[in-house]
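Down below is the structure, laid out as structure tokens.
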Amino acid sequence: MYKNVSGKVYIKTFDGFDLYKDGKMVYFSSAKAKELLAFLVDRKGRFVPLSQLAENLFENEKDIRKAKRLVHTAFNRLTKTLKSYEIEDILKRGRGVYAVDCSRILCDSYEMEAHTEGSSNFFLGEYMPEYSWAEVTLSNLLRKYYDENQLPDHEGDS
């Protein structure tokens with residue numbers, strides 16, 4: 001599922017992470033660049049320190065300096081990919097911190113959390129299943145979804 005919305009990109013997080021511009025899927029040159037964007041989307045516009053990105057995206061790398069260099073490489077590849085689609089402005093960068101600009105994107109999970117009508121229809125219990133770090137957000141989404149869609153109890157029913 002995607003939305004073709006002029007001037008914004010659409011990010012799908014349910015049932016796998018994908019990015020669309022003008023209804024067409026954006027293809028990434030690097031799996032880590034795509035994962036970096038997914039991680040930033042998961043953080044909903046909050047700036048994420050380089051060290052946290054290194055720990056989460058390169059968890060098997062023992063040398064933290066090397067992991068940080070790998071994050072820089074992934075960010076450069078991500079920026080290059082987004083520039084080729086003329087949507088690099090969805091990223092924000094500060095001194096040692098990175099974020100996504102939520103005002104420039106539409107995202108299925110953001111819409112569900114904002115209670116946009118019909119948005120929960122696309123949530124089938126999966127949130128970026130390709131990334132292990134997304135499991136925390138998935139459990140929060142499941143709890144919110146089931147709490148909000150719970151049928152009222154019928155006392156005396158057995």
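These numbers come from a predicted model, not from an experiment.
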*asked:* I need the single residue from Asn140, Asp42, Asp15 that forms a side-chain hydrogen bond (donor to acceptor under 3.5 Å, both in side chains) with Tyr127. Which is it?
replied: Asp42
Distance-minimising heavy-atom pair for [X] and [Y]:
| X | Y | answer |
| --- | --- | --- |
| Ser30 | Arg77 | CB-CD, 3.7 Å |
| Pro129 | Gly16 | CD-N, 3.4 Å |
| Asp101 | Asp89 | CB-O, 3.9 Å |
| Ser109 | Phe14 | CA-CZ, 3.5 Å |
| Phe47 | Gly94 | CE2-N, 4.2 Å |
| Gly45 | Ala99 | O-CB, 3.7 Å |

Are the side chain of [X] and the backbone N or O of [Y] linked by a donor-acceptor pair below 3.5 Å?
| X | Y | result |
| --- | --- | --- |
| Lys34 | Phe17 | yes |
| Tyr85 | Tyr27 | yes |
| Lys32 | Leu57 | yes |
| Tyr110 | Val41 | yes |

From [X] atom [atom1] to [Y] atom [atom2], the distance as rounded to the nearest 0.5 Å:
| X | Y | atom1 | atom2 | value |
| --- | --- | --- | --- | --- |
| Leu36 | Leu70 | CG | CG | 11.5 Å |
| Leu78 | Leu91 | CG | CG | 5.0 Å |
| Arg69 | Ile64 | CZ | CD1 | 11.0 Å |
| Arg104 | Ile87 | CZ | CD1 | 11.5 Å |
| Met128 | Phe39 | CE | CZ | 9.5 Å |
| Leu19 | Thr81 | CG | OG1 | 10.0 Å |

*asked:* With side chain to side chain contact (heavy atoms under 4.5 Å, CB included) as the criterion, how do Glu35 and Glu130 come out once you've worked through the C-alpha distance, each side chain's angles and the decisive distance to 0.1 Å?
replied: CA-CA 9 Å; Glu35 184 178 4; Glu130 61 270 61; over 6 Å; no
*Determine, step by step, whether Trp133 and Glu59 satisfy the side chain to side chain contact (heavy atoms under 4.5 Å, CB included) criterion, reporting the C-alpha distance in whole Å, the side-chain angles of both residues, the deciding distance to 0.1 Å, and the verdict.*
CA-CA 10 Å; Trp133 47 257; Glu59 60 189 351; over 6 Å; no
*Could you give me the CA-CA distance, side-chain angles and deciding distance for Asn56 and Val48, then say whether side chain to side chain contact (heavy atoms under 4.5 Å, CB included) is met?*
CA-CA 11 Å; Asn56 283 278; Val48 181; over 6 Å; no
*Considering only NZ, NE, NH1 and NH2 on the basic side and carboxylate oxygens on the acidic side, decide whether Asp18 and Lys12 come within less than 4.0 Å.*
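Lys12 and Asp18: salt-bridged.
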*asked:* Applying a strict under-4.5 Å side-chain criterion to I, L, V, M, F, W and Y, I'd like to know whether Val136 and Leu53 cluster together.
replied: no
_Val97-Phe58 co-clustered via ILVMFWY side chain contacts under 4.5 Å_ =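 The answer is no; the residues belong to distinct hydrophobic clusters.
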*Do the rings of His72 and Tyr98 sit parallel, tilted or perpendicular, given the 30° and 60° boundaries?*
perpendicular
*asked:* As a quick check of understanding, evaluate side chain to side chain contact (heavy atoms under 4.5 Å, CB included) for Val26 and Val9, giving each step before the final call.
replied: CA-CA 10 Å; Val26 171; Val9 298; over 6 Å; no
*Return each pair, listed once, that meets salt bridge (charged side-chain N to carboxylate O under 4.0 Å, His left out) where at least one residue sits in residues 44-54; pairs must be two or more places apart or across chains.*
Lys44-Glu113
_Is it true that, when you exclude Arg43 itself, more than 12 heavy atoms of the residues, nucleotides or ligands shown sit nearer than 6.0 Å to its CZ?_
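Yes, CZ of Arg43 has more than 12 neighbouring heavy atoms, counting only those of other groups under 6.0 Å.
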